[in-house]
Undergrad: 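Let me begin by handing over the structure; questions about it come next.
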Amino acid sequence: MKLKLDENLGKGPRNIFISAGHDVKTVSGQRMEGSPDHVLISAINSEQRCLVTLDIDFANPLLFPPNTYSGIAVLRLPSHPTYDDLIALCETLVAALEKGEIRGKLWIIQKGRIREYQPEALT
């Protein structure tokens, strides 16, 4: 899978995804640090990459409709996070990517589980 890691993730997470066989680019590596969300999501869309981020703003499906992107994965750390918590979330995401498709979806990754945004059916 083609992934773009947001600037709030470091080398450890990058190495986890690369070791799992993913094609990884980073916001920092592409000198996009501090870019507004709409600029970042536009770049991700044009590169057809899934965004992996800690930025909760990307979990808003009204601002960033998941079906228009190659996937959005928002990592939700506990209130007093450790580096090990971050690594565990990345490993949870890697395992989920082996089992399922994130393209066009929003996944919220928490300790031990993934919640997938399900748009309400029109009645």
Side-chain angles (χ1 to χ4, degrees):
M1 165 125 268
K2 292 171 64 175
L3 304 174
K4 168 104 67 187
L5 303 188
D6 205 351
E7 65 189 276
N8 50 20
L9 301 171
K11 290 181 182 179
R14 179 180 174 268
N15 292 337
I16 288 170
F17 293 111
I18 289 173
S19 293
H22 298 287
D23 175 354
V24 178
K25 300 285 183 186
T26 65
V27 168
S28 298
Q30 293 181 302
R31 300 181 191 263
M32 295 182 68
E33 299 100 324
S35 295
D37 289 351
H38 71 278
V39 171
L40 179 57
I41 201 76
S42 178
I44 289 163
N45 207 27
S46 67
E47 296 171 17
Q48 297 183 341
R49 291 187 177 275
C50 170
L51 173 64
V52 180
T53 185
L54 293 169
D55 186 343
I56 193 66
D57 291 344
F58 287 105
N60 184 338
L62 299 177
L63 294 176
F64 305 103
N67 63 330
T68 61
Y69 303 109
S70 292
I72 300 172
V74 179
L75 307 176
R76 293 301 313 261
L77 291 166
S79 58
H80 301 289
T82 66
Y83 183 72
D84 289 340
D85 291 327
L86 175 61
I87 296 303
L89 293 180
C90 293
E91 290 170 346
T92 298
L93 177 55
V94 164
L97 290 171
E98 290 175 2
K99 296 176 186 173
E101 176 66 46
I102 193 171
R103 185 171 308 281
K105 299 175 184 173
L106 166 62
W107 287 357
I108 309 298
I109 295 86
Q110 296 174 295
K111 185 175 182 174
R113 73 179 190 150
I114 293 183
R115 293 183 297 133
E116 182 176 315
Y117 167 73
Q118 299 287 328
E120 292 183 26
L122 297 175
T123 55

Undergrad: Can you measure from CD1 (I87) to OG1 (T82) and round to the nearest 0.5 angstrom?
TA: 9.5 Å

Undergrad: Among the clusters formed by ILVMFWY side chains lying less than 4.5 Å apart, do L5 and L54 turn up in the same one?
TA: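 Yes, it is one cluster - the side chains of L5 and L54 are joined through contacts under 4.5 Å.
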
Undergrad: Which one of K105, R103, E47, Q48 satisfies the side-chain hydrogen bond (donor to acceptor under 3.5 Å, both in side chains) criterion with S70?
TA: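 Single side-chain hydrogen bond (donor to acceptor under 3.5 Å, both in side chains) partner of S70 among K105, R103, E47, Q48: R103.
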
Undergrad: Measure across I72 and I102 and return the closest heavy-atom pair with its distance rounded to 0.1 Å.
TA: O-CD1, 3.8 Å

Undergrad: Distance from E33 atom CD to L40 atom CG, nearest 0.5 Å?
TA: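 CG of L40 is found 11.0 Å from CD of E33.
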
Undergrad: Can you tell me how far apart CD (E101) and CH2 (W107) are? Round to the nearest 0.5 Å.
TA: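 These two atoms lie 7.5 Å from each other.
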
Undergrad: Would you tell me whether N45 and S42 have side-chain atoms, one donor and one acceptor, within less than 3.5 Å of each other?
TA: no

Undergrad: Applying side chain to side chain contact (heavy atoms under 4.5 Å, CB included) to L63 and D57, what does each step give before you reach the verdict?
TA: CA-CA 8 Å; L63 294 176; D57 291 344; 5.6 Å; no

Undergrad: Check P65 against L62 and note the closest heavy-atom contact, atom names and distance.
TA: CD-O, 4.4 Å

Undergrad: For a quick test of reading the model, state the closest non-hydrogen atom pair linking Y83 to P13 and the distance between them.
TA: OH-CD, 4.1 Å

Undergrad: Can you measure from CG (N8) to OG1 (T53) and round to the nearest 0.5 angstrom?
TA: 4.0 Å

Undergrad: Linking I/L/V/M/F/W/Y whenever their side-chain heavy atoms sit closer than 4.5 Å, directly or via other members, would V52 and I41 fall into one cluster?
TA: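 No: no chain of side-chain contacts under 4.5 Å links V52 to I41.
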
Undergrad: Considering residues, nucleotides and ligands other than R14, do more than 12 of their heavy atoms fall under 6.0 Å from its CZ?
TA: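 Counting neighbours around CZ of R14, 12 or fewer heavy atoms of other residues, nucleotides or ligands fall under 6.0 Å, so no.
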
Undergrad: Atom CG in L3, atom OG1 in T26: separation rounded to 0.5 Å?
TA: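 Here the rounded value is 11.5 Å.
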
Undergrad: Can you name the closest pair of heavy atoms from C90 and I16 and give their distance?
TA: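 Where C90 meets I16 most closely, the heavy atoms are CB-CD1, 4.1 Å.
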
Undergrad: Going hydrophobic residue to hydrophobic residue with side-chain gaps under 4.5 angstrom, can you get from L51 over to Y69?
TA: yes

Undergrad: Run K111 and T92 through side chain to side chain contact (heavy atoms under 4.5 Å, CB included) and show every step you take.
TA: CA-CA 8 Å; K111 185 175 182 174; T92 298; over 6 Å; no

Undergrad: Any idea which heavy atoms bring P78 and D85 closest together, and the distance?
TA: CG-OD2, 3.4 Å

Undergrad: Honestly curious: do L9 and V94 fall in one hydrophobic cluster under the side-chain, below-4.5 Å linking rule?
TA: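 Result: yes, single cluster for both.
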
Undergrad: Name the orientation class of the two ring planes belonging to H22 and F17 (parallel below 30°, tilted from 30 to 60°, perpendicular beyond 60°).
TA: perpendicular

Undergrad: So, for I109 and A73, which heavy atoms are closest and what is the spacing to 0.1 Å?
TA: CD1-CB, 3.7 Å

Undergrad: Name the one of F64, Y117, F58 that satisfies side chain to side chain contact (heavy atoms under 4.5 Å, CB included) with L106?
TA: Y117

Undergrad: With clusters defined by side-chain heavy atoms of hydrophobic residues (ILVMFWY) lying less than 4.5 Å apart, directly or transitively, does L89 cluster with I108?
TA: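 Unlinked, I108 and L89 end up in two clusters.
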
Undergrad: CG/L75 to CD1/I56 distance, rounded to the nearest 0.5 angstrom?
TA: 10.0 Å

Undergrad: Does K2, at its NZ atom, have more than 12 non-hydrogen atoms belonging to other residues, nucleotides or ligands within less than 6.0 Å?
TA: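 Check passes, neighbour count above 12.
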
